[in-house]
Protein chains: 2
Amino acid sequence: MQRLASERKELLLDRLRVDGRLVAKDMAAELDTSEDTIRRDLRELAVAGLCRRVYGGAIPVAPAAASYARRQEIATTSKHRVAVACLELIQPGSTVILDGGTTALEVARLLPHDLDVTVITHSPTIAVALVDHPAEVFILGGRLFKHSVVASGAAAAEAAAQVSADLFLMGVTGVRPDTGLTTGDVDEAAMKRTLSRRAAQTWVMASEEKIGAASPFPVLRLDEVAGIVSDADPQHPVLAELARADVRVLQA
Amino acid sequence: MQRLASERKELLLDRLRVDGRLVAKDMAAELDTSEDTIRRDLRELAVAGLCRRVYGGAIPVAPAAASYARRQEIATTSKHRVAVACLELIQPGSTVILDGGTTALEVARLLPHDLDVTVITHSPTIAVALVDHPAEVFILGGRLFKHSVVASGAAAAEAAAQVSADLFLMGVTGVRPDTGLTTGDVDEAAMKRTLSRRAAQTWVMASEEKIGAASPFPVLRLDEVAGIVSDADPQHPVLAELARADVRVLQA
DNA sequence: TCGTCATGTGCAGTAGTATGCACGAGTCGG
DNA sequence: CCGACTCGTGCATACTACTGCACATGACGA
């Protein structure tokens, strides 16, 4: 039977999804082709990041969550500076929505214990970090989006619609005048928009490396948020451009 | 059966997680390979920092590597035994509600990575612990009850009403024939009841010290759950009494 | 229609890797 | 100190992977 190369690769990926593994020799026999061809396919799939090669065959891509653990440990000085600056935005007695991400986690860790505040978050990591804090904590539930470790999806959006807050401290992965605020996941972008609507003010936590960067999915325009907290050099061309566009920038 | 080298290493790591130890000779017999191969695998895993070699086999990475806070979280051997036994109750492809608490956390940590399962939990700690696991995770939101680090209260109950599961692994602080299953917080008791109604079966995780104990707030009667998983001595008078009352006890 | 080019496939040869076995050294517990 | 066990190393073997090449196919343009 004649089979298109792309069909063959789909079959290989299907097999990986179903069985969680794949032996090159077996697949060659099953698809009636040579092992070389299977190996070539697997090599290309691996390069495309769709599978992982192992001796003898392939396995599905590793749950790419290990990266978060590493990111979590290093609250870089940059993120730390931004987090410290964010503390100024939090009024005593107010309600704050804390986004996921390392900068927000740093904010949670730095929250003064004598600050009376209610924290709403869709990040279980942040909820856990606040266990020792006297603050009232409200968790938004939903499907756990493993990459950023936040509740996400329709259920999370629905839960978010039930709350109101004074301030939303939002994390993004890109801040540019042309693309606005962007992030790497479409569901996450929607969740951020929902949370933003539930707060009187939204401030963006943007450590240095986010300034001038752009990710695939737009979250909000720059004029839809109250301002940006960043530790980037005030002379930074992008910051200068933001200032010209009347975007408030809180210098960390 | 053809087994990929990488699969073999995964199996070894799983075994270390569940049993906390591993004997090279036994694993060689079990995986139908030579001791040399097992030893080579263990050597490589040790180099990668994923286990520690000891004479005769291997143990998980030194607890000394974990922080003090982390060590506090380490389940007692009793809870570990119960958690291991609970794994048997989890069917591939099923949906499990995991309660809060250290025993449930241990279950989450021990979940084999090749077990296809959906986990619903109101514990952010457990959600975070499952980040590296391929399982689908659904978080129930609500007010964070700091003492047990779970979402609780009316909002959590409402969220719980939206889900259904095959199994609820419930933690309690007291198991007695006369008082039934009890816990220390009235909201938590209500939450456990709600979760129990959302699952086809409820099993109670009761490590040794819970047997015979009673806490202020009743959760359910003993005849309202499918059974109890405990590592207490089968000769224990309370267990004997439970047996007379037709309560199923899964011996850990 | 023909030649040419790009592409995909299979084959052969070579390099690389995994495994099991044998042997000597090391380790353990009495 | 001894016997039993475990460990590491070197080696032979079998398997897997990669490279270069030949061949077939189909597209494209002259």
Side-chain angles (χ1 to χ4, degrees), chain A residues 1-64 66, chain B residues 1-66 77 80 84 112-115 132 134:
Chain A
M1 160 184 175
Q2 181 68 17
R3 205 190 303 270
L4 263 40
S6 58
E7 292 180 294
R8 208 177 43 230
K9 288 186 189 174
E10 270 306 319
L11 282 169
L12 293 175
L13 289 176
D14 275 344
R15 184 56 62 98
L16 280 175
R17 271 195 293 273
V18 173
D19 291 352
R21 62 190 285 266
L22 175 163
V23 179
K25 187 199 272 194
D26 296 352
M27 291 310 293
E30 192 170 331
L31 301 182
D32 192 28
T33 178
S34 73
E35 290 181 46
D36 300 69
T37 298
I38 299 296
R39 270 195 273 272
R40 262 187 278 251
D41 289 344
L42 291 178
R43 229 180 303 173
E44 289 165 28
L45 291 172
V47 168
L50 299 171
C51 76
R52 253 190 47 200
R53 296 254 18 221
V54 295
Y55 201 86
I59 56 178
V61 282
Chain B
M1 160 183 175
Q2 170 91 6
R3 203 190 301 272
L4 266 33
S6 58
E7 291 181 292
R8 207 179 42 230
K9 290 187 189 172
E10 271 302 321
L11 283 168
L12 293 175
L13 288 176
D14 272 342
R15 182 56 61 98
L16 280 175
R17 271 203 302 276
V18 173
D19 290 353
R21 61 192 284 282
L22 175 163
V23 179
K25 186 198 266 193
D26 297 351
M27 290 311 293
E30 191 170 331
L31 300 183
D32 192 29
T33 178
S34 73
E35 290 180 47
D36 300 70
T37 298
I38 300 296
R39 270 196 276 272
R40 263 186 277 250
D41 288 344
L42 292 177
R43 233 178 298 170
E44 288 165 31
L45 291 172
V47 168
L50 298 171
C51 77
R52 250 190 51 199
R53 285 299 325 261
V54 295
Y55 202 85
I59 56 177
V61 282
T77 51
H80 177 83
V84 170
H113 280 218
D114 59 357
L115 180 62
D132 289 325

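Atoms considered below: every heavy atom in the structure, side chains included; atoms not considered: hydrogens, waters and symmetry mates.
In the region residues 18-47 of chain B, proximity to DNA chain D at under 4.0 angstrom, judged on heavy atoms, holds for B/K25, B/D36, B/R39, B/R43.
Remark: C1' of C/dG29 and OH of B/Y55 are 11 Å apart, rounded to the nearest angstrom. The distance from atom CZ of A/R53 to atom C1' of D/dA17 is 7 Å, rounded to the nearest whole Å. At whole-Å resolution of the value, CZ in B/R8 and C1' in C/dT17 are 12 Å apart.
The side chain to side chain contact (heavy atoms under 4.5 Å, CB included) with A/L50 is formed by just one residue from the set A/L42, A/L16, A/L13; it is A/L13. With A/K9 as the partner, the side chain to side chain contact (heavy atoms under 4.5 Å, CB included) test is satisfied by one option alone out of A/D14, A/L45, A/I38: A/L45.
Between A/L12 and A/L31, the shortest heavy-atom contact is CD2-CD1, 4.3 Å. Contact detail for A/C51 and A/A58: the closest heavy-atom pair is SG-CB, 4.2 Å. Between A/P60 and A/R21, the closest heavy-atom pair is CD-N, 4.4 Å.
The shortest distance between side-chain heavy atoms of B/D41 and B/T37 falls below 4.5 Å.
Rounded to 10 degrees, the angle separating the terminal helix axes of the helix from C/dT1-D/dA30 to C/dG30-D/dC1, each built from five base pairs, is 30°.
Every residue two or more places apart in sequence or in another chain that forms a side chain to side chain contact (heavy atoms under 4.5 Å, CB included) with B/D26 is listed here: B/V23.
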